[in-house]
Amino acid sequence: MMMTDQQPAGSQEFRSGFVCFVGRPNAGKSTLTNALVGSKIAITSSKPQTTRHAVRGVLHRADGQLIIIDTPGLSKPRSLLQQRLNDLVRSTWSEVDVVALVFPADEHIGPGDVYLATQLAELAKPPTLVAIVTKTDLVSPERLTKHLLRVARLQDDLAITLAHILPCSARSGSQVGEVADVLLSLMPPGPDYYPDGEITDEPDETLVAELIREAALEEVRDELPHSIAVEVDEMMLRDGRPADRPLVDIFASMIVERDSQRGIMVGHAGERIKRIGVRARRQIRALLGTQVHLDLRVKVVKDWQRDAKQLNRLGF
């Protein structure tokens, strides 16, 4: 089911612009970003606060270019870090052509969703709004229909206008192409902002740090997801390697807030940090296209989430 208008037939004008994905934590924003771009540029996890900065992904097509900004989930701030993430989300709203509210199909619309939609509606110059209902592969057709109708009712309940309501499944690929079609149709005529083939403006060091954090999040489960940050201390091609067999040396630190958390990250006899390294190396190798030597350590920085100086140093 797709509730949308159609793009005018015969329109061949090159369009380009920016869309921001916003929603509750774990709504599927990063997974959808990766699916649209066609490559992994944003880490995904079932843990909250997975995305911690605005990740830009670029979709290149013959008829246009779509720049997708995946933002952190907006939530009640319990630390200076979360407050800064919320500020980042709000500042992004004024910089884009379209804001896409992302609602997971397997969860009811809650107060957080309503609050987010209300905040957007109250902007002095609200952007074009669309709704994207994700994770459609996880629900029955009947439940999906009810969910889509509930999203549509938000327009009357909150006095907002949704240009489109789009269901999709990023994991299965169902209707992802249709989402791209509609988002691009909402963009103004414009230039190529990014060269062909460039799918993100994230530096390799940032992507590598995020892949390490993703591996750590999967290993520690629910023990301390909020407390982990990752910093790439050094990253360089190793000298003396054959040209057809390059090797990248990466020295990185996983940062936690307390000594007890360091023990959790290292694990018994170092087994957990080894597993994190194996998982991260596999993803980094795919990203860089080269063999990787990863030297991974754990550093304790007391209460870094509440320390403005440390947040600045870590890029938040």
Side-chain angles (χ1 to χ4, degrees), residues 25-26 30-31 34 39-53 55 70 72 79 81 85 200-242 245-307 309-316:
N26 199 30
S30 297
T31 305
N34 292 338
S39 186
K40 184 168 185 172
I41 61 163
I43 68 170
T44 59
S45 173
S46 59
K47 311 299 183 293
Q49 213 185 84
T50 300
T51 301
R52 283 183 175 165
H53 62 291
V55 179
D70 175 25
S79 66
L81 171 62
L85 296 183
T200 183
D201 58 4
E202 293 290 303
D204 284 345
E205 288 83 356
T206 300
L207 293 171
V208 165
E210 287 292 271
L211 290 173
I212 295 170
R213 188 163 65 90
E214 180 184 55
L217 288 173
E218 292 307 309
E219 279 295 330
V220 298
R221 302 294 176 184
D222 298 319
E223 292 172 89
L224 59 156
H226 298 287
S227 302
I228 303 169
V230 175
E231 188 173 34
V232 173
D233 304 306
E234 195 170 8
M235 181 169 150
M236 57 194 170
L237 278 169
R238 183 176 295 184
D239 291 335
R241 295 281 296 186
R245 293 178 57 206
L247 176 71
V248 176
D249 285 309
I250 300 171
F251 299 87
S253 300
M254 295 185 294
I255 298 169
V256 295
E257 295 186 298
R258 293 186 291 278
D259 288 329
S260 60
Q261 294 172 343
R262 183 183 185 281
I264 293 172
M265 294 300 300
V266 173
H268 179 67
E271 286 301 314
R272 175 167 274 167
I273 195 171
K274 289 178 184 176
R275 290 197 301 270
I276 293 171
V278 169
R279 187 190 292 263
R281 265 194 305 275
R282 188 182 308 122
Q283 295 284 353
I284 296 168
R285 195 163 53 234
L287 170 72
L288 301 179
T290 64
Q291 292 297 312
V292 171
H293 169 73
L294 178 61
D295 186 301
L296 199 54
R297 307 189 179 190
V298 183
K299 183 190 300 183
V300 178
V301 178
K302 185 175 175 59
D303 293 329
W304 67 265
Q305 294 185 79
R306 295 166 178 80
D307 186 325
K309 182 179 178 180
Q310 292 300 334
L311 289 174
N312 292 340
R313 188 179 65 81
L314 292 169
F316 295 112

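Because only heavy atoms are used, hydrogens play no part in the values below, and waters and symmetry mates are left out as well, while side chains stay in.
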note = Smallest heavy-atom separation, Arg285 atom then Gln291 atom, equals CD-NE2, 3.6 Å
message = Under a 3.5 Å distance rule, please check whether Asp303 uses its side chain to pair with a backbone N or O of Arg306 as donor and acceptor.
response = no
Between CG on residue Asp204 and CG on residue Leu287, distance to nearest 0.5 Å = 6.0 Å
ask   = OG1 of Thr290 to CZ of Arg245: how many Å apart, nearest 0.5 Å?
value = 12.5 Å
key: Leu237 versus Pro246, closest heavy-atom pair with distance   = CD2-CB, 4.0 Å
task = Looking only at non-hydrogen atoms, find the nearest pair between Met236 and Phe251 and report the distance.
result = CE-CE1, 4.0 Å
note = Output for pair (Glu218 CD, Arg275 CZ), nearest 0.5 Å, gives 12.5 Å
inquiry  = If you count every heavy atom of other residues, nucleotides or ligands that lies below 6.0 Å from Arg297 atom CZ, does the total exceed 12?
reply    = no
query = For the side chain to side chain contact (heavy atoms under 4.5 Å, CB included) test, which of Val248, Ile250, Val208 pairs with Leu294?
reply = Ile250
Full working for side chain to side chain contact (heavy atoms under 4.5 Å, CB included) between Arg272 and Ile264 = CA-CA 8 Å; Arg272 175 167 274 167; Ile264 293 172; 3.2 Å; yes
remark   = Taking every heavy atom of Glu257 against every heavy atom of Gln261, the minimum-distance pair comes out as N-OE1, 2.8 Å
ask   = Checking side chain to side chain contact (heavy atoms under 4.5 Å, CB included) for the pair Met265/Ile276: CA distance, chi angles, key distance, verdict?
value = CA-CA 9 Å; Met265 294 300 300; Ile276 293 171; 3.7 Å; yes
task = First locate atom CG of Asp259, then atom NZ of Lys302, and finally report the distance between them rounded to the nearest 0.5 Å.
result = 9.0 Å
query = Do you know the tightest heavy-atom contact between Arg281 and Val292?
reply = CD-O, 3.6 Å
ask   = Closest heavy-atom contact between Ile255 and Glu231?
value = CD1-OE1, 3.8 Å
note = Rounding to 0.5 Å, atoms CE (Met254) and CD1 (Ile212) come to a distance of 8.0 Å
remark   = Rounded to the nearest 0.5 angstrom, the CD-CD distance for Glu205 and Glu234 is 10.5 Å
